[in-house]
Amino acid sequence: MFYTIYETTNNVNGKKYIGKHETPDPDDDYIGSGILLQNAIVKYGRENFSKKVLFVFDTRQEMNEKEIELVNIDVVKSDEYYNIALGGQGGNLVLKEGHPKREETLKKIKKTQSENSEFYREKAKCSTQKDR
């Protein structure tokens with residue numbers, strides 16, 4: 001097993017996502033599962049994203065330590081990244097009731113959804129028209 005830290009880039013707008021991944025093949029086609037990243041993949045198409053493996057480790061602990069180092073508060077607050085949680089926390093943990101970053105994270109998600117709302121309305125409209 002390989003323990004990787006990767007960076008996925010939206011080739012349309014340059015926005016990035018830093019993540020970790022356990023895999024038997026560091027060059028697999030996994031590009032991330034963050035909620036904002038997944039929304040962007042729906043909007044822009046998977047073909048408009050590229051992944052670069054930054055680090056490969058022998059242990060999960062080394063991988064986790066590097067993610068904590070790289071995905072810091074500057075990355076989470078930046079509009080240049082899709083990351084919504086500090087390294088080592090995971091977005092799902094941040095969304096749980098009582099987490100100190102929950103409200104800030106929900107605002108970031110809502111902002112992205114709002115910015116993309118016209119796109120999703122058009123996509124739904126096209127989908128509905130195709131079904132007729």
Side-chain angles (χ1 to χ4, degrees):
M1 187 64 66
F2 295 95
Y3 302 91
T4 66
I5 297 291
Y6 63 90
E7 181 178 76
T8 298
T9 302
N10 179 328
N11 299 320
V12 175
N13 65 16
K15 205 165 179 176
K16 299 178 181 197
Y17 178 83
I18 298 172
K20 63 183 179 181
H21 181 52
E22 297 179 25
T23 178
D25 177 11
D27 296 317
D28 63 13
D29 62 355
Y30 181 80
I31 63 172
S33 60
I35 188 168
L36 296 183
L37 175 64
Q38 288 300 308
N39 286 342
I41 291 168
V42 169
K43 179 177 180 177
Y44 295 100
R46 194 175 196 294
E47 68 278 4
N48 288 307
F49 289 80
S50 57
K51 178 184 87 171
K52 178 174 145 185
V53 175
L54 303 176
F55 300 95
V56 179
F57 299 103
D58 294 325
T59 68
R60 181 178 290 130
Q61 181 176 342
E62 291 173 300
M63 173 187 70
N64 288 335
E65 288 172 0
K66 183 54 85 171
E67 186 194 31
I68 289 168
E69 176 188 328
L70 293 176
V71 185
N72 57 39
I73 193 69
D74 294 330
V75 168
V76 171
K77 287 187 172 187
S78 173
D79 288 334
E80 296 175 20
Y81 288 89
Y82 292 112
N83 296 77
I84 61 172
L86 296 171
Q89 293 187 351
N92 291 336
L93 293 176
V94 175
L95 294 174
K96 291 191 188 237
E97 285 290 334
H99 192 283
K101 296 265 184 205
R102 184 174 191 270
E103 292 308 312
E104 180 181 329
T105 301
L106 288 172
K107 284 180 188 174
K108 193 171 183 180
I109 291 170
K110 286 177 185 173
K111 178 182 176 218
T112 302
Q113 289 172 335
S114 174
E115 290 169 354
N116 296 330
S117 63
E118 181 60 31
F119 166 80
Y120 288 114
R121 274 194 294 277
E122 286 299 314
K123 188 172 177 98
K125 192 161 107 179
C126 290
S127 176
T128 303
Q129 291 172 349
K130 285 181 188 175
D131 292 340
R132 290 181 183 174

(message) Is any side-chain heavy atom of Thr4 closer than 4.5 Å to one of Tyr30?
(response) no
(request) Return yes if some donor-acceptor pair links the side-chain N/O of Thr9 with the main-chain N/O of Asn11 below 3.5 Å, else return no. (result) no
(message) Counting neighbours of CD on Glu80 that are heavy atoms of other residues, nucleotides or ligands and sit closer than 6.0 Å, is the number greater than 12?
(response) no
(message) The test is side-chain contact (heavy atoms from CB on, under 4.5 Å); show your working for Tyr44 and Asn13 and say whether it passes.
(response) CA-CA 10 Å; Tyr44 295 100; Asn13 65 16; 3.5 Å; yes
(request) Please identify each residue that fulfils side-chain hydrogen bond (donor to acceptor under 3.5 Å, both in side chains) with Lys51, with sequence neighbours left out. (result) Asp28
(request) Kindly determine whether Thr8 and Tyr82 satisfy side-chain contact (heavy atoms from CB on, under 4.5 Å), including the steps that lead there. (result) CA-CA 10 Å; Thr8 298; Tyr82 292 112; over 6 Å; no
(message) If you define the side chain from C-beta out and look only at heavy atoms, does anything of Val71 sit under 4.5 Å from Val76?
(response) yes
(message) For Glu47, I'd like to know if atom CD has over 12 heavy atoms of other residues, nucleotides or ligands within 6.0 Å.
(response) yes
(request) Using modelled atom types only, decide if a donor and an acceptor are shared between the side chain of Glu7 and the backbone of Ser50 within a distance under 3.5 Å. (result) no
(request) Please say which of Lys66, Arg60, Glu67 ends up in a side-chain contact (heavy atoms from CB on, under 4.5 Å) with Lys20. (result) Glu67
(message) Are Leu37 and Val53 connected into the same hydrophobic cluster when the rule is that any two of I, L, V, M, F, W, Y join if their side-chain heavy atoms are below 4.5 Å apart?
(response) no
(message) Quick one, Tyr3 and Phe55 - any side-chain contact, counting heavy atoms below 4.5 Å?
(response) no
